[in-house]
Amino acid sequence: MIHPNPYTDVPTSDFDPYTTEVLANPYPHYEQLRELGTWAWLERYGVLAVARHDEVQRILSQPDVFCSSAGVGLANFHTEAPWRKPSIILEADPPHHSRTRKVVARVLSPVSIGRLRATFEDVAARMVDSLVERGSFDAAKDLCEAFPIKAFGDAVGLPAEGREHLLPYGDMVFNGFGPINERFQARMDSSGEAVNWIARVCQRDALTKDGLGAQLFAAADAGEIGHDEAGMLVRTLLSAGLDTTVFTLCNAITCFARHPEQWALLREDPSLARQALEEVLRFDSTFHSFYRTSTQDVELGGITVKAGQKIVVFIASANRDPRRWPNADRFDITRRATGHMAFGTGIHGCAGQMMARLEGEIVLTALARRVASFRLDGEPVQHFNNTVRGLKHMPVTVEPLLATVD
Ligand code: OVM
């Protein structure tokens, strides 16, 4: 179906962000979109699109005008039934959002996250040691999936059994922000068990007594949120916290396998791991796009956006906008990548970003201490998802670094 463009000053585009061809390499398409103008009308979906850094930032900085409660996917919750109960943090506006966000922000604060460092480092060191010993392995499965499932899963307080449901569940959530296409439907059809398992581990008695999940329930005991809301926020941790970090690690290793001179820089100075991760997030953002909905007629970027308008926000494109980044298409871990919007920005900016950074830094540091170089044994196999970009498989052979005393 084609949706006629109601905005006379906005160019119409037949761009479809959700085709396999676009998902395989969206960057040339983003460039075209940015060059088309400040705004584009995507006639296939009947939405406005922004792809430049400046407008993306402006939209995300006005959460009262560009709201989240109508859903942050293509579906408009005001006119269509959401496929699952809306998230009480992601798909909510102030003042409701402020209350849940405050609790989650505390549970995921730098202080709270800092307590996990030693354990995470230990998990990463063991995994990387055994993989380097093997020499050849599937970096996507054996490291990028294995690490968050173990380290983050333990941190939340999940049972060991059933964690194989985490990624399929997340895959459904992130497909669900796009259109109800075959990709979403295929995942939905096979995810009944995953949905049931997630529902079960969002209950207090399924979780350890000392994990992040338990801390959410403690906030309920303190009267800050309801006990049902604590369970909903555990669901948020499990929806948002796995596929994202897994794919970020995949993208990081791909970047370094393809840019060996950048790996050499990190290897020589592993303290660059944190800023290297920021550059990975800028250069190959994990989360590509989400939506906002205008609550009123509003002027932005030279047009009047009509009230109730769905707007798709391409954060991965903003992170490659040459108006903002010199040599935007160059992967360079020495650049200042701060200001990227891979975690979004504003009041809805990723609540787990400190966790993501900790996991990324620790895995990259562990690798930098033990791996001289990566060789891709064949093309990595992409994981296609409507919203997040990552890999299913990445067969690699690593050349070990000779042991050094440090
Ligand atoms: C949630 C949720 C799910 C997916 C992503 C996300 C990026 C949040 O359930 O709250 O944030």
Side-chain angles (χ1 to χ4, degrees), residues 56 60 63 66-75 77 82-94 96-108 148 152 156 158 165-178 184 187-188 191 194-195 197-199 201-202 212-213 216 219 225-226 228-248 251 281 285-292 312-316 318-319 340-357 359-360 383 385-390:
V56 166
L60 298 183
F66 301 103
C67 79
S68 293
S69 58
V72 300
L74 177 62
F77 292 180
W83 71 273
R84 62 170 197 164
K85 241 169 99 178
S87 163
I88 59 173
I89 179 165
L90 177 76
E91 293 152 339
D93 296 325
H96 307 288
H97 167 266
S98 326
R99 200 167 50 86
T100 50
R101 172 80 189 202
K102 192 175 155 202
V103 172
V104 172
R106 189 175 62 239
V107 170
L108 296 176
F152 180 71
V156 171
L158 294 179
H165 293 305
L166 288 166
L167 291 172
Y169 183 77
D171 194 44
M172 188 162 48
V173 170
F174 288 105
N175 272 334
F177 295 135
F184 177 67
R187 179 45 86 192
M188 277 297 263
S191 285
V195 172
W197 185 82
I198 294 289
V201 299
C202 289
L212 303 175
L216 292 168
I225 52 174
D228 52 330
E229 290 180 314
M232 282 295 285
L233 293 176
V234 176
R235 192 191 75 168
T236 282
L237 297 184
L238 303 184
S239 303
L242 272 303
D243 301 61
T244 48
T245 46
V246 165
F247 291 157
T248 301
N251 297 341
L281 285 163
S285 306
T286 312
F287 202 135
H288 270 233
S289 59
F290 49 72
Y291 291 74
R292 291 293 186 258
V312 57
V313 178
F314 288 103
I315 52 177
N319 291 341
H340 72 70
M341 288 183 282
F343 291 122
T345 186
I347 67 163
H348 286 283
C350 179
Q353 58 186 283
M354 287 303 164
M355 176 74 80
R357 289 194 173 103
E359 291 183 46
H383 179 104
N385 179 284
N386 286 334
T387 306
V388 285
R389 226 173 108 73

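Read the numbers this way: they start at 1 and go in the same order the structure lists the ligands and their atoms.
Looking only at heavy atoms of the protein, atom 7 (C) of ligand 1 is closest to Phe287 CE1, 3.5 Å. Of all protein heavy atoms, the one closest to atom 3 (C) of ligand 1 is Ser239 CB, 3.4 Å. Closest protein heavy atom to atom 4 (C) of ligand 1: Val173 CG1, 3.6 Å. Ranking protein heavy atoms by distance to atom 2 (C) of ligand 1, first place goes to Leu90 CD2, 3.7 Å. The protein atom (non-hydrogen) at minimum distance from atom 6 (C) of ligand 1 is Ala240 CB, 3.4 Å.
Here Thr244 has no heavy atoms under 4.0 Å from ligand 1, in either its backbone or its side chain. Contact annotation: for Thr236 versus ligand 1, heavy atoms closer than 4.0 Å belong to both the backbone and the side chain.
Closest heavy-atom contact between Thr244 and Thr286: O-CG2, 3.4 Å.
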Given ring pair (Phe, Tyr, Trp, His ring centres under 6.0 Å), test Phe174 with Phe287 step by step and report yes or no. CA-CA 9 Å; Phe174 288 105; Phe287 202 135; 5.5 Å; yes
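Heavy atoms of Phe174 come nearer than 4.0 angstrom to ligand 1 in at least one pair. Judged by the shortest distance from any of its heavy atoms, Arg84 lies inside the 4.0 Å radius around the atoms of ligand 1.
Among Cys350, Gly241, Ser87, Gly344, the residue whose heavy atom lies closest to atom 10 (O) of ligand 1 is Ser87.
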